[in-house]
S.K.: 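Okay, handing you the structure first.
For reference, positions follow the sequence shown, starting with 1.
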Amino acid sequence: MRITPLFAFSFVLSCLALPATTNAADDLFGDLDEEDTLFGAETAAESNKNTEKPKTLSAFISSRIPASSAKNIEKAEKVFCYTVEYAAKDYTGYTIDNLAITGSCGELSEEGRSLIKDMLLGNNLIFSSSSDRCDISPRILFRYINGIDSTDILLSAPCHSLTFYHGQDIISLNAAPGKNIIEQLVTTYSSLGEKFLSPALLGQVVPNGQVLTQDQKEIVRKISTTASPKKWGNTQPAPATENNNSSPQPVNKGWNKLK
């Protein structure tokens, strides 16, 4: 599929992370306008009509991943984006699905989620039933959160593929026919990446990993001046040691050696 300049331009505009700051007027238990409620006027109207939202996942994906994994994607309340890579053997920093988190590309906007649904998750044409002779290269990971559960989707490029994580279930799908789309997504979201910060240290209840408020900026200022067992805020290079191979090491198991 050919990616036109118009698509690339509209893609960058539509996929920027949503601001997540709040104020007293936006309190979850406050008096909100109908259009600003958690459920939204459109969702309520659909409920009254006893209709369902269009499916996010294509028939190809739905037939290959567990229903519990698909449920989180279909009913996701938030979607967060991370840049990832294989963790080095001596890596002690933050991980997600045993991959090293290299940055956060924020929360997907509604436009971004719709675009990924249309071009990636709902598009049967970008997948192949065969297995390519290549090793998965982790680049971008989307976390679809439904309540306290979540499903992660890893984009690999090259060796273009999608890998779905949910609990012990790890399913990889060959997306070689859609390599141009995968490359465009990886390039766009990688450019949005910022340094990943621990949600726990920031007092966040969602895994955003980005500073959202002035109070969190103060937390960053204080913690970055102290040592951390997770190397949080450490900008100094590790001391060189003889025969120290600290480059990312893929785990050689499973389809395309991901698991």
S.K.: Should I136 and Y86 count as side-chain neighbours, where that means a heavy-atom distance under 4.5 Å?
M.R.: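 Yes; the side chains approach each other to less than 4.5 Å.
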S.K.: Consider only side-chain N and O atoms of S58 and N124, and report whether a donor and an acceptor are under 3.5 Å apart.
M.R.: yes
S.K.: Give the intermediate values and the outcome of side chain to side chain donor-acceptor pair (under 3.5 Å) for residues S172 and S161.
M.R.: CA-CA 7 Å; S172 294; S161 62; 5.8 Å; no
S.K.: Between atom CE of M119 and atom CG of L121, what is the distance when rounded to the nearest 0.5 Å?
M.R.: 11.5 Å
S.K.: May I have all residue pairs that pass salt bridge (Lys or Arg N to Asp or Glu O under 4.0 Å) and include part of residues 61-71, sequence neighbours excluded?
M.R.: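 Not a single pair qualifies under salt bridge (Lys or Arg N to Asp or Glu O under 4.0 Å).
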S.K.: Compare every heavy atom of Y189 with every heavy atom of C105, then report the nearest pair and how far apart it is.
M.R.: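 Shortest heavy-atom separation between C105 and Y189 comes out as CB-O, 3.5 Å.
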S.K.: So how far is it from L141 CG to D152 CG, rounded to the nearest 0.5 Å?
M.R.: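 Rounded to the nearest 0.5 Å, the CG-CG separation comes to 4.5 Å.
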S.K.: Do I140 and T83 come within less than 4.5 Å of each other through their side chains, counting heavy atoms only?
M.R.: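 They are in side-chain contact.
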S.K.: Applying side-chain hydrogen bond (donor to acceptor under 3.5 Å, both in side chains), can you list everything that pairs with D149, at least two apart in sequence or on another chain?
M.R.: N72, H166
S.K.: Is there a donor-acceptor contact under 3.5 Å from the side chain of S191 to the main chain of T188?
M.R.: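 At least one qualifying donor-acceptor pair exists.
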S.K.: Minimum heavy-atom separation for E183 to H160, with atom names?
M.R.: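 Heavy-atom minimum between the residues: OE2-NE2, 2.8 Å.
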S.K.: Where do T151 and S69 come nearest, in terms of heavy atoms and distance?
M.R.: OG1-O, 2.9 Å
S.K.: Does any non-hydrogen side-chain atom of I73 lie less than 4.5 Å from one of V79?
M.R.: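 Answer no - side chains too far apart.
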S.K.: May I have the step-by-step check of side-chain contact (heavy atoms from CB on, under 4.5 Å) for C159 and D135, ending in yes or no?
M.R.: CA-CA 6 Å; C159 195; D135 295 341; 5.6 Å; no
S.K.: With sequence neighbours left out, which residue pairs that include part of residues 95-134 fulfil the ring pair (Phe, Tyr, Trp, His ring centres under 6.0 Å) condition?
M.R.: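 Pairs touching residues 95-134 that pass the test: F60-F127.
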S.K.: Would you say that Y94 contacts T102 through its side chain, given a criterion of any heavy-atom pair below 4.5 Å between the two side chains?
M.R.: no
S.K.: Where do S131 and N174 land on the side-chain contact (heavy atoms from CB on, under 4.5 Å) test, with the steps shown first?
M.R.: CA-CA 6 Å; S131 296; N174 184 354; 5.7 Å; no
S.K.: From E85 CD over to I101 CD1, what is the distance, rounded to the nearest 0.5 angstrom?
M.R.: 11.0 Å
S.K.: Could I get the full list of side-chain hydrogen bond (donor to acceptor under 3.5 Å, both in side chains) partners for S137, not counting sequence neighbours?
M.R.: none
S.K.: State the CZ-CD1 distance between R143 and I145, to the nearest 0.5 angstrom.
M.R.: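 If I round to the nearest 0.5 Å, the distance is 6.5 Å.
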S.K.: Could you check whether any side-chain heavy atom of I153 comes within less than 4.5 Å of a side-chain heavy atom of T163, counting everything from C-beta outward?
M.R.: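 A side-chain contact is absent here, since even the closest heavy-atom pair is not under 4.5 Å.
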S.K.: Do the side chains of L162 and L120 get nearer than 4.5 Å, heavy atoms only?
M.R.: yes
S.K.: Can you name the ring pair (Phe, Tyr, Trp, His ring centres under 6.0 Å) partners of Y144, sequence neighbours left out?
M.R.: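 Expected list: none.
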S.K.: Mind running ring pair (Phe, Tyr, Trp, His ring centres under 6.0 Å) on F142 and F80 for me, showing each step along the way?
M.R.: CA-CA 6 Å; F142 297 119; F80 292 97; over 10 Å; no
S.K.: When you compare the side chain of R139 with that of S156, does any pair of heavy atoms fall below 4.5 Å?
M.R.: no
S.K.: Under a 3.5 Å distance rule, please check whether E74 uses its side chain to pair with a backbone N or O of T56 as donor and acceptor.
M.R.: yes
S.K.: Check whether any side-chain heavy atom of L173 lies under 4.5 Å from a side-chain heavy atom of F164, and answer yes or no.
M.R.: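 Of all side-chain heavy-atom pairs linking F164 with L173, at least one is under 4.5 Å.
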S.K.: Keeping to residues at least two apart or across chains, list the salt bridge (Lys or Arg N to Asp or Glu O under 4.0 Å) pairs with something in residues 116-127.
M.R.: none
S.K.: Identify the residue among N98, D97, I171 that makes a side chain to side chain contact (heavy atoms under 4.5 Å, CB included) with Y165.
M.R.: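 Passing option: D97.
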